[in-house]
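Convention: sequence-line order gives letters A, B, ...; per-chain numbering from 1.
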Amino acid sequence: MPELPEVETVRLGLDPLVVGRTIERVTPADFPGVMGDLAIEVASTRLAGRPIRGTRRRGKYLLFDLDDGEALMVHLRMTGVLTVLPRSAPSERFQRLSIELDNGSDLRFSDQRKFGRVIIVSPDDISGLMTKLGPEPLEAGFDGPALFELVHHRKAPIKSVLLDQHTIAGLGNIYVDEALFHARIHPLRLGSSITADESVVLAEMIRMVLTVGLEQRGTSFSSFRDVYGQKGSNQEQLVVYGRGAGQLPCVRCGSPLARITIAGRGTSYCPTCQKRP
DNA sequence: ACACTGCCCTGCGAGC
DNA sequence: TGCTCGCAGGGCAGTG
């Protein structure tokens, strides 16, 4: 599941391969809805001849800046994969879209579950995206007091609050479970119950798990691959995510981990280290 | 403004 | 062995 470290890993890999290139055309595969309501043929006409000026990431959104302030916005959702391949390379297994570039390479979008999207966005769309999302947790200014301000008035479980992209941008199920474990906070604790002192630790742990995830080039628990089709290695650093169902032992205290559902998401935690509310 | 639910989608693994 | 069925979950629409 691509979260901030995975999306940033993809962006870092793509940037040198696509910036400065010009789009020639867009070739559909078998999923007409991949570009939203816009027909692929229409999109191809709109994109033909336009340059890719740069790449940006906001939360889990990836932006390819075009001319005229427009951009191609990609969200990988659960199983989206972006690769750059020679035009002669065969289609990927779940390929949904191929953006042909002027140097003979293709930017390919593959997505097993058809949740991901590649959308042409206007300058207004982009500024809307920038403002509606919460702060970037790896940028300067994201600290204990800032986190406390974001969560102390919230009456939902802290896990739900941290998953809310309008509150903090880029966290998903994996990194939230990991951060809460390292901060020793039970995922069902209400946002309003988190103290200022706990916010300092939690903000630190959020930054830590994201930084490690980025260093490991992402978590490839299932389908995540980088631009070159390589797996990340952060799954080896995970200590709670995916381990609660089997009641595997807590790495800190040895007692069996537990698994519950919060906000419709599987949630693993240590009932001993993360005290109940 | 906020909280919560259901929907989208399909490969995979558990169970029979 | 082969089948069915539930699970995985990010974002959004709809409801309260």
Please report the distance, rounded to the nearest Å, between [atom1] in [X] and [atom2] in [N].
X: A:D111; N: B:dC9; atom1: CG; atom2: P; answer: 11 Å
X: A:F224; N: C:dG10; atom1: CZ; atom2: P; answer: 14 Å
X: A:D37; N: C:dA13; atom1: CG; atom2: C1'; answer: 14 Å
X: A:H166; N: C:dG10; atom1: NE2; atom2: P; answer: 14 Å
X: A:L4; N: C:dG10; atom1: CG; atom2: C1'; answer: 14 Å
X: A:K155; N: B:dC4; atom1: NZ; atom2: C1'; answer: 17 Å
X: A:L162; N: B:dA3; atom1: CG; atom2: P; answer: 12 Å

Taking only side-chain nitrogens and oxygens of [X], does any of them come within less than 4.0 Å of OP1 or OP2 of [N]?
X: A:H75; N: C:dG10; result: no
X: A:K114; N: B:dC8; result: no
X: A:R77; N: C:dG11; result: no

Check: Got a donor-acceptor pair under 3.5 Å from the side chain of A:R113 to the base of B:dG11?
Finding: no
Next item on the list: Check every strand shown and say whether A:M78 touches a base, only sugar-phosphate, or nothing at a heavy-atom separation below 4.0 Å.
Entry: base
Next item on the list: Look at all strands and tell whether A:F31 reaches a base, only sugar-phosphate, or nothing, counting heavy atoms closer than 4.0 Å.
Entry: nothing
Next item on the list: Starting from the C-alpha separation in whole Å, work towards a yes-or-no answer on side-chain contact (heavy atoms from CB on, under 4.5 Å) for A:I168 and A:L147.
Entry: CA-CA 9 Å; A:I168 301 170; A:L147 180 60; 3.6 Å; yes
Notebook entry, point to check: Does the cation-pi check pass for A:R252 over A:F181, that is, NZ or CZ under 6.0 Å from the six-membered ring centre and within 45° of its axis?
Noted result: yes
Next item on the list: Using heavy atoms to find the nearest nucleotide of DNA chain B for A:V161 and A:R117 separately, return the residue whose nucleotide is more 5′.
Entry: A:V161
Note to self: Is it the case that over 12 heavy atoms from other parts of the model lie below 6.0 angstrom from the CG atom of A:D37?
What the structure shows: no
Note to self: With nearest nucleotide decided by heavy atoms, which residue, A:K132 or A:G264, maps closer to the 5′ end of DNA chain C?
What the structure shows: A:G264
Candidates [options] - which lies nearest the side chain of [X]:
X: A:Q112; options: B:dC2, B:dT10, C:dC12; answer: B:dT10
X: A:A156; options: C:dG10, B:dA3, C:dG11; answer: B:dA3
X: A:Q165; options: B:dA3, C:dG11, C:dG10; answer: C:dG11

Checklist line | Candidate pair A:L72 and A:M35, rule side-chain contact (heavy atoms from CB on, under 4.5 Å), full reasoning | finding: CA-CA 10 Å; A:L72 260 187; A:M35 300 194 75; 4.2 Å; yes
Check: Any side-chain donor paired with an acceptor under 3.5 Å for A:Y175 and A:T219?
Finding: yes
